[in-house]
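These notes are about the structure you will find just below.
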Amino acid sequence: GENVEQHPSTLSVQEGDSAVIKCTYSDSASNYFPWYKQELGKRPQLIIDIRSNVGEKKDQRIAVTLNKTAKHFSLHITETQPEDSAVYFCASKGGTSYGKLTFGQGTILTVHP
Amino acid sequence: NAGVTQTPKFQVLKTGQSMTLQCAQDMNHEYMSWYRQDPGMGLRLIHYSVGAGITDQGEVPNGYNVSRSTTEDFPLRLLSAAPSQTSVYFCASSYSGGNNEKLFFGSGTQLSVL
């Protein structure tokens with residue numbers, strides 16, 4: 001089955017700095033790569049996603065890049081703010097496996113004021 | 001719309017007890033799934049369903065049963081609770097059409113097995 005590795009497990013940055021979280025996946029048939037943010041005690045929520053036919057996608061301060069050849073994708077957060085502090089999960093989905101995601105281990109991001 | 005509703009929010013069980021975690025969604029989503037979240041291990045898929053009457057195993061199905069008699073409900077049953085099942089459980093649903101594959105999560109159930 002699919003395996004998703006996520007790094008780093010913890011990331012600490014100063015407010016205003018950029019943060020990058022990286023994930024690799026094993027199944028070359030995977031075609032959908034979402035990122036979820038989970039604040040303390042809350043449910044995970046989708047913040048951005050990308051499909052295998054696109055190399056990059058941006059949404060304000062957040063961007064995701066995908067390298068299909070290398071089978072890795074990354075989350076980029078610019079101009080970080082304290083409210084960006086949370087756990088971030090990458091995930092992948094293969095083919096027509098709707099509603100069935102394989103998640104990475106998570107990254108605890110702390111943004112210091 | 002309430003979205004995805006999970007009950008209970010907290011539960012403490014003794015080893016060997018059984019219980020059912022309830023999950024209901026009012027968005028008419030075809031796809032529903034159960035994940036467990038453990039520190040340092042992300043979210044792992046337990047069971048999922050692509051429609052009423054259809055279920056399949058995920059990555060960590062042992063010790064759990066599911067059924068999907070209606071589109072709205074997808075309960076998760078712990079047959080004989082074990083300490084290894086101490087975890088936070090999330091139910092999720094998603095739409096089946098087009099490019100919208102967003103998972104809508106419930107608020108979670110924190111389960112402790114003593």
Side-chain angles (χ1 to χ4, degrees), chain A residues 1-11 21-27 30-54 57 59 64 75 86-108, chain B residues 2-6 9-10 23 25 27-52 54-61 66 68 71 74 88-110:
Chain A
E2 171 74 295
N3 183 49
V4 177
E5 295 288 333
Q6 183 173 345
H7 300 280
S9 56
T10 61
L11 180 58
I21 303 170
K22 300 181 179 181
C23 290
T24 61
Y25 60 98
S26 61
D27 188 354
S30 292
N31 59 10
Y32 174 68
F33 307 93
W35 287 87
Y36 284 80
K37 175 184 180 182
Q38 185 180 30
E39 297 176 349
L40 188 63
K42 301 291 182 65
R43 70 194 78 187
Q45 294 197 311
L46 178 71
I47 56 171
I48 195 167
D49 56 11
I50 192 168
R51 297 194 175 275
S52 57
N53 59 349
V54 176
K57 184 177 179 181
D59 183 3
V64 56
L75 177 71
V87 181
Y88 291 81
F89 293 99
C90 63
S92 73
K93 181 189 78 69
T96 57
S97 302
Y98 292 102
K100 183 183 173 185
L101 296 179
T102 300
F103 284 86
Q105 297 86 348
T107 296
I108 301 172
Chain B
V4 179
T5 302
Q6 266 184 258
K9 290 189 181 301
F10 302 95
C23 177
Q25 53 92 9
M27 298 173 283
N28 201 33
H29 285 169
E30 288 188 39
Y31 301 104
M32 297 187 73
S33 48
W34 277 100
Y35 291 85
R36 60 177 287 174
Q37 182 175 19
D38 302 290
M41 302 187 75
L43 292 139
R44 292 182 293 168
L45 182 66
I46 304 171
H47 285 286
Y48 67 101
S49 170
V50 299
I54 306 171
T55 64
D56 204 350
Q57 296 181 351
E59 181 184 355
V60 288
V66 292
R68 185 96 179 269
T71 300
F74 191 44
V88 179
Y89 292 84
F90 285 100
C91 178
S93 71
S94 64
Y95 179 59
S96 60
N99 288 324
N100 187 354
E101 301 196 53
K102 174 183 176 180
L103 284 186
F104 291 79
F105 284 92
S107 57
T109 297
Q110 188 168 325

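Each chain gets a letter, A, B and so on, in the order the sequences are listed, and its residues count up from 1.
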Query raised in the report: Contact part of B:Val88 toward chain A, heavy-atom cut-off under 4.5 Å: side chain, backbone, both or neither?
Result: neither

Report summary line: Smallest heavy-atom separation, A:Phe89 atom then B:Gln37 atom, equals CZ-NE2, 3.2 Å

Report task. State which residues pass side chain to side chain contact (heavy atoms under 4.5 Å, CB included) with A:Gln6; sequence neighbours excluded, sorted by chain then number. Result -> A:Ile21, A:Cys23, A:Trp35, A:Cys90, A:Gln105, A:Thr107

Query raised in the report: Side chain, backbone, both or neither: which part of B:Ser107 has an atom under 4.5 Å from a heavy atom of chain A?
Result: both

Query raised in the report: Counting heavy-atom pairs under 4.5 Å to chain A, which of B:Pro39, B:Gly42, B:Gly40 comes out on top?
Result: B:Gly42

**Report entry** OG1-CG distance between A:Thr102 and B:Leu45, expressed to the nearest 0.5 angstrom
**Finding:** 7.5 Å

Query raised in the report: How would you list, by chain and number, every residue that makes a ring-ring contact (aromatic ring centres under 6.0 Å, His included) with B:Tyr35, sequence neighbours excluded?
Result: A:Phe103

Query raised in the report: How many angstroms lie between atom NZ of A:Lys100 and atom OG of B:Ser94, to the nearest 0.5 angstrom?
Result: 12.5 Å

Requested in this report: Inspect the surroundings of CG in A:Leu40 and state if more than 12 heavy atoms from other residues, nucleotides or ligands are less than 6.0 Å away.
Outcome: no

**Report entry** Top of B:Gly106, B:Gly108, B:Ser93 for chain A proximity - count of heavy-atom pairs under 4.5 angstrom
**Finding:** B:Gly106

Requested in this report: Please examine the side chains of B:Leu43 and A:Tyr36, heavy atoms only from C-beta on, and report whether any two atoms are closer than 4.5 Å.
Outcome: no

Report summary line: Scanning both residues in full, the closest heavy-atom pair of A:Gln38 with B:Phe90 reads NE2-CZ, 3.5 Å

Report summary line: Cut-off 4.5 Å, heavy atoms of chain B, and the answer for A:Pro44 is both

Requested in this report: To the nearest 0.5 angstrom, please state how far the CZ atom of B:Phe105 sits from the CG atom of A:Leu46.
Outcome: 9.5 Å

Report summary line: The interface call for A:Ile108 against chain B, heavy-atom contacts under 4.5 Å, is neither

